[in-house]
Q: 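First the structure, then my questions, so here it is.
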Amino acid sequence: FGAKLISGTFRAADFLFRASFNSFASARAVPFVMARALVNLAVGTVVFFLLFLLSQSNPSTSPPRLLPPPHHGARPAMVLPLFPSSKNSSRTFLHSHRHLLRSDSHSSHPNARMRLYDDLLLNGYYTTRLWIGTPPQQFALIVDTGSTVTYVPCATCEQCGRHQDPKFQPDLSSTYQPVKCNLDCNCDSDRVQCIYERQYAEMSSSSGVLGEDIISFGNQSELVPQRAVFGCENEETGDLYSQHADGIMGLGRGDLSVVDQLVEKGVISDSFSLCYGGMDIGGGAMVLGGISAPSDMVFSYADPVRSPYYSIGLKEIHVAGKQLSLNPSVFDGKYGTVLDSGTTYAYLPEPAFLAFKEAILKELNGLKQIRGPDPNYNDICFSTASSDVSELSKTFPTVEMVFGHQQKLLLSPENYLFRHSKVHGAYCLGIFQNEKDPTTLLGGIIVRNTLVTYDREHSKIGFWKTNCSELWERLHITGAPSPTPSSSGKGNSTESPTTTASDGSPHYDFPGMFKPWFSEDLTWSFTGILSDDICFLTGKIQIGKIILDMSLSANHSYLKPQINKLTEFIAKELDVNASQVHLLNFTSEGNSSLVRLAIVPSDSSTYIYKETARNIISRLAEHRVKLPDTFGNYQLVQWKVEPSTKQTWWGRNYMVVVMALIIIVVIGLSVYGVWGMWRCKQQTVNSYKPVGAAAPEQELQPL
């Protein structure tokens with residue numbers, strides 16, 4: 001378009017120039033020629049100025065213009081269906097009896113270090129990755145200390161929801177074996193295979209068959225893959241049906257619990273640990289097996305006989321250094337004080353909650369109290385002047401939980417507050433009344449940025465305040481992965497080793513060519529882009545394009561007329577403009593489809609922010625992009641990022657120089673043309689006289 005304008009303008013100028021000099025031969029054509037040339041010149045000049053302005057409307061320093069993130073609601077609370085819903089709380093305690101199996105083992109056993117993903121308050125849970133079968137099939141499972149069975153959707157399940165990963169296909173695993181009917185299990189109607197069934201008070205349920213296969217824990221685990229029994233779902237309802245995670249990883253006390261099975265085999269010590277990220281950082285870490293406890297870890301006795309849950313001996317609560325006037329027995333009702341990783345918030349018996357609420361309000365009487373983000377909940381919220389988490393301790397009081405032998409767990413504000421989703425700088429209490437239930441239930445919010453060790457062998461639970469994003473460094477464990485935030489990539493699909501850098505961080509060949517997601521040298525490669533040592537995403541190189549290859553289970557002929565809608569949905573899920581998502585290729589592969597997309601900078605920028613690139617790739621890699629069922633399941637096959645082209649001074653300013661030259665030439669030709677026409681007119685007036693007109697006498701000059 002610009003070339004045509006330049007050519008047209010030069011033709012107009014040339015036409016004007018030639019017309020002015022041809023006017024000697026055709027004086028009558030001068031007005032018409034001049035008018036036409038001036039019109040062409042004016043139009044061309046105006047268009048060039050517009051083109052110049054448009055070319056300068058994309059300053060390279062402007063940040064990418066992103067669509068606002070989707071609203072997640074006030075608090076999605078506890079998606080995990082372990083407790084019944086109530087008006088003022090998302091979940092209360094559920095009663096179910098679970099068989100207790102304990103096995104003492106030596107503490108020198110290896111352990112399985114694993115990553116945690118997602119965010120407690122945004123997703124309602126934390127997940128980890130397990131691989132089941134040969135070859136391994138990956139699943140995102142909610143880590144739950146209140147559940148005793150591990151289950152994933154089965155390929156035969158017609159009443160299972162649409163989750164993060166494809167369903168487990170037993171026929172594709174060469175090591176899968178169904179658990180045959182026996183005296184120690186419930187059997188199906190044909191008495192051929194063992195079955196399981198879990199029903200929850202909040203109208204959620206899971207049922208299916210029991211199978212046995214090899215379970216892998218990731219290539220950062222010292223523990224080799226082990227055979228274990230798990231549930232293969234044939235039906236799920238309620239929150240289990242609608243949740244994004246694939247299933248549950250049961251860490252409770254019970255013969256189907258992953259921990260109990262590994263302990264019974266003697267491959268790990270009877271212990272495991274969880275470490276949840278803080279208010280600003282999701283994700284975290286998990287260890288199956290024993291670890292060396294820090295010297296300043298606070299312990300509480302955990303009675304293994306009282307209930308199948310993990311009960312601790314809470315005796316007192318202090319607010320701003322002042323003990324609440326409560327009888328210690330208030331925390332000992334029913335199941336006592338239960339620690340449950342599958343619960344989001346904390347729930348106190350009525351007397352304890354009222355005393356805690358009164359103490360908090362007394363300490364915060366100078367703050368403005370506001371309505372909660374969701375009218376369906378009677379949240380207690382406060383408006384503050386700062387949204388910095390590190391500054392909360394200057395406004396909100398500290399809380400202490402005191403166990404036996406005066407062991408104290410200090411709770412910072414992030415351990416009992418959650419952000420108000422509608423008011424900037426506002427926070428709400430994350431501790432609620434447990435209706436009329438005398439059980440004290442402590443959910444994940446209480447242990448944010450806290451390493452919790454469930455030492456079942458010695459009947460105690462330890463608490464250690466730390467930064468869970470730096471857990472391995474703080475525990476002085478070398479060669480372990482950093483417990484990265486929830487935006488981190490997915491783990492390995494096979495048990496092959498990963499190439500690591502000298503500092504132990506995963507090696508990442510970036511930038512460069514396409515990397516297949518399941519290649520041997522990239523089993524942890526995506527998490528590498530979260531490392532500060534990866535220069536491309538943390539250095540000065542700017543990202544100009546992200547190319548994604550995706551496989552969709554939908555048929556090519558069916559998907560073809562819907563392809564534009566697909567790109568729109570992907571743009572919406574990735575929080576970018578639809579104009580940033582370009583379709584590069586669309587082909588058929590059997591009954592599925594292959595789509596190649598490019599994510600480019602927005603109109604207001606020349607590059608993509610590194611944080612935006614990390615977020616885009618991690619969302620797709622972890623299947624956090626939800627597409628309509630009509631598109632089927634998707635898989636990120638491979639991806640590549642390309643650096644933004646670094647322009648020289650001439651590359652950045654060539655249009656300005658060209659425009660200046662064109663304007664100078666046009667003005668010069670115009671002036672010269674006007675001057676030529678004026679001379680032509682003057683000569684014409686002097687050369688032609690009417691017949692009979694008087695002529696001045698001229699003196700004859702000698703030859």
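Heavy atoms only: backbone and side chains are in, while hydrogens, waters and symmetry mates are out.
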Q: Are D246 and Q138 side-chain neighbours, meaning at least one heavy-atom pair lies under 4.5 Å?
A: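 Answer no - side chains too far apart.
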Q: Flag the pair F403 / F463 as yes when their ring centroid distance falls below 6.0 Å, and as no otherwise.
A: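 Yes - the distance between ring centres of F403 and F463 falls below the 6.0 Å cut-off.
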Q: Given the rule in the side chain to side chain contact (heavy atoms under 4.5 Å, CB included) test, do M114 and R129 qualify, once you have shown the distances and angles that lead to the verdict?
A: CA-CA 8 Å; M114 306 169 68; R129 304 293 185 263; 6.0 Å; no
Q: Angle class for the F272/Y310 ring planes (parallel below 30°, perpendicular above 60°, tilted otherwise)?
A: perpendicular
Q: Among I142, V259, L141, V149, whose side chain to side chain contact (heavy atoms under 4.5 Å, CB included) with M249 holds?
A: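 By the side chain to side chain contact (heavy atoms under 4.5 Å, CB included) criterion, M249 pairs with just one of I142, V259, L141, V149: L141.
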Q: Have a look at Y151 and tell me which of Y196, F168, F230 forms a ring pair (Phe, Tyr, Trp, His ring centres under 6.0 Å) with it.
A: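 Option passing the ring pair (Phe, Tyr, Trp, His ring centres under 6.0 Å) with Y151: Y196.
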Q: Just checking, is any N or O donor in the side chain of K465 or N415 under 3.5 Å from an acceptor N or O on the other one?
A: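 Indeed, the side chains of K465 and N415 share at least one donor-acceptor pair under 3.5 Å.
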Q: Any side-chain donor paired with an acceptor under 3.5 Å for T134 and S174?
A: no
Q: Check the side chains of T156 and N234 for a donor-acceptor pair under 3.5 angstrom, ignoring hydrogens and angles.
A: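 Their side chains do contain a donor-acceptor pair, which is all the 3.5 Å distance test asks for.
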Q: Between R456 and R253, is the side chain to side chain contact (heavy atoms under 4.5 Å, CB included) condition met? List the steps.
A: CA-CA 9 Å; R456 311 190 325 168; R253 305 178 191 269; 4.0 Å; yes
Q: Indicate whether the side chain of T439 and that of D437 have a donor and an acceptor atom separated by less than 3.5 Å.
A: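 Their side chains do contain a donor-acceptor pair, which is all the 3.5 Å distance test asks for.
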Q: Compare all side-chain heavy atoms of I268 with those of V263 and state whether any distance is below 4.5 angstrom.
A: yes
Q: Side chains of N449 and E414: do they bring a donor and an acceptor to under 3.5 Å?
A: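 Yes, because at least one side-chain N or O of N449 sits under 3.5 Å from a partner of the opposite role on E414.
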Q: Hydrogens and angles aside, do D118 and T127 bring a side-chain donor and acceptor to less than 3.5 Å of each other?
A: yes
Q: Tell me yes or no: SG of C181 and SG of C187, less than 2.5 Å apart?
A: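 Answer is yes, sulfur atoms closer than 2.5 Å.
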Q: Looking at E222 and R113, is any side-chain nitrogen of the basic one under 4.0 Å from a carboxylate oxygen of the acidic one?
A: yes
Q: Using distance alone, with no hydrogens and no angle criterion, decide if T175 and D213 have a side-chain donor and acceptor under 3.5 Å apart.
A: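 Side-chain D/A pair, T175 to D213: present.
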Q: Quick check: are the SG atoms of C157 and C154 less than 2.5 Å apart?
A: no
Q: Can you tell if the side chain of I195 reaches within under 4.5 Å of the side chain of V209, non-hydrogen atoms only?
A: yes
